[in-house]
There are 2 protein chains.
Amino acid sequence: MRKLKTSRQPEILDAALAIADERGLDALSMRAVAERVGVTPMALYGYFRNKDELLDALVGRLLTGLTPSEEAGTGQERLSEIAWATRRLAREHPAVFPLLLFRASVTSDGVRVVDLIYQALLDAGVPEADVPRIERLVSTFVLGFAISEVNGRFSSASDESRTRRGADLPAHRRLVGHLAADDWDAEFAADLADLMRIIRPV
Amino acid sequence: MRKLKTSRQPEILDAALAIADERGLDALSMRAVAERVGVTPMALYGYFRNKDELLDALVGRLLTGLTPSEEAGTGQERLSEIAWATRRLAREHPAVFPLLLFRASVTSDGVRVVDLIYQALLDAGVPEADVPRIERLVSTFVLGFAISEVNGRFSSASDESRTRRGADLPAHRRLVGHLAADDWDAEFAADLADLMRIIRPV
DNA sequence: ACCTGAACACCGTTCAAGT
DNA sequence: ACCTGAACACCGTTCAAGT
């Protein structure tokens with residue numbers, strides 16, 4: 001397990017993020033990153049042990065931007081602020097964002113965000129014994145929602161064509177008129193409001 | 001847009017699923033599938049236009065197993081049954097399962113599952129106007145939970161080492177003693193119970 | 001301390017051809 | 001109708017060497 005250089009790590013991660021943003025995750029190859037940095041592919045292996053570790057570091061870099069600037073407000077307000085910031089991040093970096101669901105929270109940057117959420121949940125009145133579970137519940141939903149949105153899993157095009165095929169989709173037929181959603185800002189807000197009802201029980 | 005053969009599609013998907021189950025998603029190459037089927041890589045392109053469409057079809061095949069055998073029970077019971085079946089699917093096919101979050105519901109098999117969930121939510125008393133949103137909320141959470149679990153995002157190893165690093169993780173320090181979760185069955189059950197409180201409001 | 005060149009064992013996919 | 005062979009433009013990574 002060789003020691004890694006750190007000097008140009010940020011520069012390399014910047015290049016990787018730029019490539020993914022501009023040309024998608026499939027275009028994010030070691031060779032492409034190297035070319036953008038102005039170096040041979042092999043030079044990267046002095047800074048990251050392999051592509052997987054480079055991606056882990058990239059996820060860490062994304063998470064850094066998630067710490068809210070303002071520490072004020074109630075627990076619920078800070079929680080909500082982190083949720084919206086997460087979704088904003090997904091829209092800024094749709095190609096790399098899905099990696100968060102697979103590699104998150106292992107890095108030290110991820111832990112920092114989790115700690116902020118823990119604190120927000122505590123301040124919101126969640127019993128200590130429930131905090132870690134509720135953190136996983138909320139963050140799983142927020143990550144899943146943001147990924148689904150940027151990947152088009154929610155796209156209502158499917159809903160349109162669904163119902164037209166008639167036949168064996170009784171519930172769809174009954175819900176015609178409610179199927180054409182497309183205001184994901186509003187839906188995300190409604191979902192968060194519902195989740196808050198879990199956090200602050202009767 | 002050439003017409004595709006269908007004759008050996010199931011056989012090809014079986015081979016693809018077996019490879020992913022045995023050796024992971026990275027090993028799922030067109031070349032590997034072809035070899036397992038006993039054919040040249042190029043022969044596959046008569047059945048699927050490209051690798052992406054093969055993966056879409058694979059997701060559809062997974063979703064077929066999600067339709068509950070019993071149609072009985074209350075809406076909440078059927079909803080719960082689908083949720084547990086989804087999680088079971090993730091444990092059976094951890095490598096391919098994550099694809100559900102990116103490609104689900106586009107296929108006709110996905111639509112069938114969505115219709116079952118719609119019906120369950122209607123029977124559970126969710127207002128028609130809220131059903132599609134609640135379906136997305138619940139399925140996003142269930143998929144996200146199952147993916148996080150099989151990918152180790154929840155692994156408590158991180159929690160252990162987190163707190164030891166002391167310093168700037170105040171909430172973690174306060175929650176020592178509650179951080180070492182590992183009974184994901186129980187956690188999933190508790191999460192579902194909480195979500196049911198959203199579905200059946202006061 | 002930092003980087004390069006050549007090589008290995010892979011990819012997905014196109015095109016033209018074969019039965 | 002179904003399949004093959006050869007080729008193209010890529011991958012991640014190892015190893016030995018160069019300044």
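So that the names make sense, note that chain A is the first sequence line, chain B the second, and so on, each numbered from 1.
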Original post:
Any idea which of C/dC2, C/dA6, D/dT4 is nearest the A/Ser7 side chain?
Top reply: C/dC2
**OP:** Please state how far atom CZ in B/Phe48 lies from atom C1' in D/dC2, giving the value in whole angstrom units.
**Re:** 15 Å
**OP:** Using the ring pair (Phe, Tyr, Trp, His ring centres under 6.0 Å) rule, take B/Phe141 and A/Phe145 through it: C-alpha gap first, then chi angles, then the decisive distance, then the call.
**Re:** CA-CA 8 Å; B/Phe141 168 75; A/Phe145 186 98; over 10 Å; no
Original post:
Side chains of B/Glu128 and A/Arg174: does their closest heavy-atom pair fall under 4.5 Å?
Top reply: yes
Original post:
Counting side-chain heavy atoms from CB outward, which of D/dA6, C/dG5, C/dG12 is closest to B/Ser29?
Top reply: C/dG12
Original post:
Checking A/Ser80 side chain against A/Gln76 main chain: does a donor-acceptor pair fall under 3.5 Å?
Top reply: no
**OP:** Hunt down the Watson-Crick or G-U wobble partner of D/dC2, both distances under 3.5 Å, from any strand shown, or write none.
**Re:** C/dG18
Subject >> Inter-nucleotide C1' distance (D/dA7, C/dC11), Å rounded >> reply: 14 Å
**OP:** Look through every strand shown and name the nucleotide pairing with C/dT13 as Watson-Crick or G-U wobble, where both distances are under 3.5 Å.
**Re:** D/dA7
Subject >> Nearest-Å distance for atom pair CE/P, residues B/Met42 and C/dC15 >> reply: 10 Å
Original post:
Can you check the B/Leu55 CG to C/dG12 P distance for me, whole Å?
Top reply: 10 Å
Original post:
What is the distance, rounded to the nearest whole Å, between atom CG of B/Leu4 and atom P of D/dA1?
Top reply: 14 Å
**OP:** Among D/dG12, C/dC3, C/dT13, find the nucleotide with the atom closest to the side chain of A/Lys5.
**Re:** C/dC3
**OP:** Can you tell me the distance, in whole Å, between the CG atom of B/Leu54 and the C1' atom of C/dG12?
**Re:** 12 Å
Original post:
Rounded to the Å, how far apart are B/Leu44 CG and C/dT13 C1'?
Top reply: 12 Å
Original post:
In terms of side-chain heavy atoms of A/Val39, which of D/dT4, D/dG12, C/dT4 is nearest?
Top reply: C/dT4
Original post:
Nearest to the side chain of A/Tyr47 - C/dC2, C/dG5, C/dT13?
Top reply: C/dC2
Subject >> D/dA16 to C/dC2 separation - C1' atoms, rounded to the nearest Å >> reply: 15 Å
Original post:
Which sits closer to the 5' end of DNA chain D, A/Asn50 or B/Arg8, going by the nucleotide each is nearest to?
Top reply: B/Arg8
Original post:
B/Tyr45 has an atom OH; how far is it from atom C1' of C/dA16, in whole Å?
Top reply: 17 Å
**OP:** Give a yes/no verdict on a cation-pi contact between B/Arg87 and B/Phe188, requiring under 6.0 Å between NZ or CZ and the six-membered ring centre and an angle within 45° of the axis.
**Re:** yes
Original post:
Are the side chain of B/Asp115 and the backbone N or O of A/His172 linked by a donor-acceptor pair below 3.5 Å?
Top reply: yes
**OP:** Please determine, for the side chain of B/Arg31, which listed nucleotide (C/dT4, D/dT13, D/dA7) has the closest atom?
**Re:** D/dA7
Subject >> Interatomic distance, B/Glu35 CD vs D/dC3 P [rounded to whole Å] >> reply: 17 Å
